[in-house]
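The shown structure was predicted, so the numbers you read here are calculated from the model rather than taken from an experiment. In this chain, numbering begins with 1 at the start of the sequence shown.
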Amino acid sequence: MSDVSPDHASASTPSWRVATTKPLVVSSIILAVGIMVGGFALGDGLKRAQRADRSVTVRGLAERDVTADLATWTISYSASAGDLSSAQSSVDNDTKQIEAFFRELGFPDDALQPTGVNVSQYKDNGVPTFTVRQRMTLRTHDIKRAQDAVRRQFDLVRRGVILEEGSGMSYTFTRLNDIKPTMVAEATKDARAAAEQFAKDSGAEVGAIKNATQGYFSIDARDGDSGGWGVSDTPFKKVRVVTTVNFYLK
């Protein structure tokens with residue numbers, strides 16, 4: 001007969017169960033903590049991802065008044081006659097008058113160059129008519145002198161030179177690359193100011209630039225008069241650029 005009593009057997013059973021239950025409890029606690037930490041990290045990551053994805057797209061404008069540094073005047077004139085030599089002689093005389101006109105205004109001889117000639121012929125009731133058309137181009141960086149020439153262009157008419165349509169002075173600003181970096185910076189600054197106003201209204205702050213696109217530079221007449229037939233171009237220009245910038249919000 002065994003010496004182990006029922007009371008002793010029942011007392012020994014909890015010891016075995018405690019020994020096997022403790023690791024399970026510890027593992028459960030670790031798992032629960034891990035789930036809590038993982039959930040917090042996931043939630044925080046989602047919030048940070050949402051914040052990182054917040055952005056605002058705005059446009060910035062920069063304008064600058066400039067003065068053209070190149071003047072180009074293409075002068076077209078022609079003469080018609082019953083024979084080619086007479087028409088050519090008349091055009092040659094006009095050419096001399098034009099060269100004298102610009103020489104008297106102080107332009108160097110190489111500022112004026114022939115840029116094209118055309119000869120056409122038609123018959124009226126069998127009678128031929130020859131037309132000689134020629135173009136001369138003035139190119140100069142002396143803007144003030146060029147303006148003076150335009151103001152006195154009627155002197156050419158007094159000399160017998162009839163200017164055809166398309167004879168007009170054109171002013172060009174050629175130093176755009178010198179002011180591009182500064183204007184892009186100004187446009188970006190203007191865009192940031194707009195983004196900051198938007199962020200202020202929405203309770204956010206403006207962060208770094210997410211991406212940006214530089215628009216085209218345009219150069220137009222400052223006062224809206226771009227010239228044309230019967231209208232003189234102006235050397236006073238307005239340079240304009242619009243940039244599109246996407247800022248992060250935080």
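R59 has its side chain out of reach of T243: every pair of non-hydrogen atoms, C-beta onward, lies at least 4.5 Å apart. At least one side-chain heavy atom of R158 sits under 4.5 Å from a side-chain heavy atom of F154. With a 4.5 Å cut-off on side-chain heavy atoms, K123 and V127 do not count as touching. Residues N118 and S120 are in side-chain contact: their nearest non-hydrogen atoms beyond the backbone lie under 4.5 Å apart. Side-chain contact check for T137 versus L112: every heavy-atom pair is 4.5 Å or farther apart. Side-chain contact check for I75 versus F102: some heavy-atom pair is nearer than 4.5 Å. Within the 4.5 Å cutoff, no side-chain heavy atoms of I162 are placed close to those of Y77. Side-chain contact check for D124 versus T129: every heavy-atom pair is 4.5 Å or farther apart.
L61 and M183 fall into different hydrophobic clusters, where Ile, Leu, Val, Met, Phe, Trp and Tyr side chains are chained together by heavy-atom contacts under 4.5 Å. Under the 4.5 Å side-chain heavy-atom criterion for grouping Ile, Leu, Val, Met, Phe, Trp and Tyr, L105 is connected to M136 within one hydrophobic cluster. Grouping the Ile, Leu, Val, Met, Phe, Trp and Tyr side chains by contacts below 4.5 angstrom, directly or via other members, places I143 apart from L70. Linking Ile, Leu, Val, Met, Phe, Trp and Tyr whenever their side-chain heavy atoms come within less than 4.5 Å leaves V242 and V245 in two separate clusters. Under the 4.5 Å side-chain contact rule for hydrophobic residues, V58 and I209 share a cluster.
Rounding to the nearest 0.5 angstrom, the gap separating the CG atom in L138 from the OG1 atom in T74 is 9.0 Å. Atom OG1 of T57 sits about 7.0 Å away from atom CG of N211, to the nearest 0.5 Å. In this structure, NZ on K180 lies 6.5 Å from CD on Q214, to the nearest 0.5 angstrom. The OG1 atom of T115 lies 12.0 Å from the CZ atom of R139; values are rounded to the nearest 0.5 Å. Atoms CZ and CZ, on F247 and R192 in that order, are 4.5 Å from each other to the nearest 0.5 Å. Note that the CZ atom of F173 and the OG1 atom of T67 stand 8.5 Å from one another [nearest 0.5 Å].
Between the side chain of T95 and the backbone N or O of V91 there is at least one donor-acceptor pair closer than 3.5 Å. A donor-acceptor contact shorter than 3.5 Å links the side chain of T234 to the backbone of F236. Put simply, the side chain of S202 gets close to the backbone of A199: a donor and an acceptor are under 3.5 Å apart. Under the 3.5 Å distance criterion, the side-chain polar atoms of N246 are left unmatched by any main-chain donor or acceptor of K210. Q153 places a side-chain N or O within donor-acceptor distance of the main-chain N or O of V150, the cut-off being under 3.5 Å.
Between S86 and D83, the side chains place a donor N or O and an acceptor N or O closer than 3.5 Å (distance only, hydrogens not considered). Between the side chains of T244 and T213, no donor-acceptor pair of N or O atoms lies under 3.5 Å. Using modelled atom types, one finds no donor on one side chain facing an acceptor on the other under 3.5 Å when comparing Y122 with T131.
In this structure, A68 and T172 approach most closely via the heavy-atom pair CB-O, 3.4 Å. Smallest separation of non-hydrogen atoms from A204 and L249: CB-CB, 4.4 Å. In terms of heavy atoms, V241 sits closest to G215 at CG2-O, 3.8 Å. Residues Q121 and P128 approach most closely at NE2-CB, 3.6 Å, considering heavy atoms. D233 and M169 make their closest contact through CB-O, 3.2 Å (heavy atoms, listed as atom of the first residue, atom of the second, distance). In plain terms, the two heavy atoms of A81 and A87 that are nearest each other are CB-N, 3.5 Å.
The pair R145-D148 does not count as a salt bridge, with every side-chain nitrogen at least 4.0 angstrom from each carboxylate oxygen. Ion pairing between E186 and R64 holds under the 4.0 Å rule for side-chain N and carboxylate O. Salt bridge absent: R159 and E99 never bring a charged side-chain N and a carboxylate O closer than 4.0 Å. Between D220 and K237, no side-chain nitrogen of the basic residue sits less than 4.0 Å from a carboxylate oxygen of the acidic one, so the salt-bridge criterion is not met.
A centroid separation of 6.0 Å or more is found between the aromatic rings of Y171 and W73.
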Starting from the C-alpha separation in whole Å, work towards a yes-or-no answer on salt bridge (Lys or Arg N to Asp or Glu O under 4.0 Å) for D65 and R222. CA-CA 7 Å; D65 291 337; R222 185 187 63 188; 5.2 Å; no

Let me see the working for E164 and S78 under side chain to side chain donor-acceptor pair (under 3.5 Å), right down to the final yes or no. CA-CA 8 Å; E164 295 187 336; S78 63; 2.5 Å; yes

Please assess K238 against I219 for the test side chain to side chain contact (heavy atoms under 4.5 Å, CB included), listing each intermediate value before the final yes or no. CA-CA 6 Å; K238 182 181 291 292; I219 305 177; over 6 Å; no

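For F198, the CZ atom counts as loosely surrounded, since its 6.0 Å shell holds 12 or fewer non-hydrogen atoms of other residues, nucleotides or ligands.
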